[in-house]
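Step one of this worksheet: look at the structure below.
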Amino acid sequence: MLELRLVQGSLLKKVMESIKDLVNDANFDCSATGFSLQAMDSSHVALVSLLLRSEGFEHYRCDRNLSMGMNLGNMAKMLKCAGNDDIVTVKADDGGDCVTFMFESPNQDKIADFEMKLMDIDSEHLGIPEAEYEAIVRMPSAEFARICKDLSTIGDTVVISVTKEGVKFSTRGDIGTANIVLRQNTSVDKPEEATIIEMETPVSLTFALRYMNSFTKATPLASQVTVSLSSELPVVVEYKIAEMGYLRFYLAPKIEE
Amino acid sequence: SQKQFPLKAFYAMT
C-alpha cells in the first residue's frame, strides 16, 4: 500500500510540466526515503533525476518498495486537473495496475479522484557517481532561462565557459554570434538574485540548446538554478524543490571526436 | 567537429 499526501500539490504539477516533454514514460520509485524518478530522454543524451523526500509529505506511507511505470504526458494531463492550491494524494496498491491521484481543495469542499493505468517500462538506470565539479555556478533561474531562450534564436549550441572573470554563454549561427557574460554578484539585497561562481579550474563545454531550453521549464520550481560543470563530463542543472528534494537534469556535452 | 555522445559514454549502466 502506498499513500503520499502532498499539501503543496502544485509542486507535483510543476514537476510534471518540467519533464513531460523530455521523457515519455518513466518508472516512479517509492521507498522509505521518498518518491523518486530517474529517466533518460529518447535519444539517451539527457537524464532527469527527481527526488521528493518522504519528510516533505504531510503523510507518507510506503509499505514496501514500489516501482510504478507511468506515461508522463498522461500523468501531467491528470495533474493539470488539480487546482494550484489543492492537496494532492497519490495512492496505489501493491501489485496493482493503476495509481490514483486525489485532489482536495484547501477548504475540503471539492474532492476529485483520477485513476490512471500503470505500464510496464523497461528502463535503463545509470549509476551516476558523486563528482567534484570544476566549476559550480548558482544564478537566478529566470536569468538562466532567458539566456538559453535568447541564444537559441541565434544558434543551436551553447558554449558555457567559466573563468575567474565570470561565466560566459556563447553561441554562433548563420546570422552571427552572441556572447553573454555574467559576473559574480553577491551584493544584491535578495539572495535569490545573486550569482555565485565557485571555480576550481577554468572549464569550457558545449551543449545542445534544445535540451537546455527544455530543462528551463523547471524555472517555476526554484528561484535559483545550479549549473555544475567539469571538462568532458555531463553538466548538471539542478532546481531545488523547497525543503523536499531536487529536480536535476544531466546533459552530455558535445566533444571533439 | 564536435560530436554529441550519449550519457552511456560517461556513466555506467546499473
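It should be emphasised that the depicted structure is a prediction, and the values quoted were computed from it without experimental measurement. In the text below, chain A, chain B and the rest are named by the order of the sequence lines, each starting its count at 1.
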Would you say the rings of Tyr246(A) and Tyr239(A) are close, in the sense that their centroids are separated by under 6.0 Å? no
Could you tell me which of Thr157(A), Leu47(A), Val45(A) has the largest number of non-hydrogen atom pairs under 4.5 Å with chain B? Val45(A)
Check each of Leu182(A), Ile180(A), Thr219(A) against Glu143(A) using the side-chain contact (heavy atoms from CB on, under 4.5 Å) test, and report the only one that passes. Leu182(A)
Phe5(B) versus chain A, the contacting section by heavy-atom distance below 4.5 Å: both
Would you call Val227(A) and Ile136(A) a side-chain contact if the rule is heavy atoms closer than 4.5 Å? no
Assess whether a salt bridge exists between Arg210(A) and Asp156(A), defined as any Lys/Arg side-chain N lying under 4.0 Å from an Asp/Glu carboxylate O. no
Top of Ala208(A), Pro253(A), Ser43(A) for chain B proximity - count of heavy-atom pairs under 4.5 angstrom: Pro253(A)
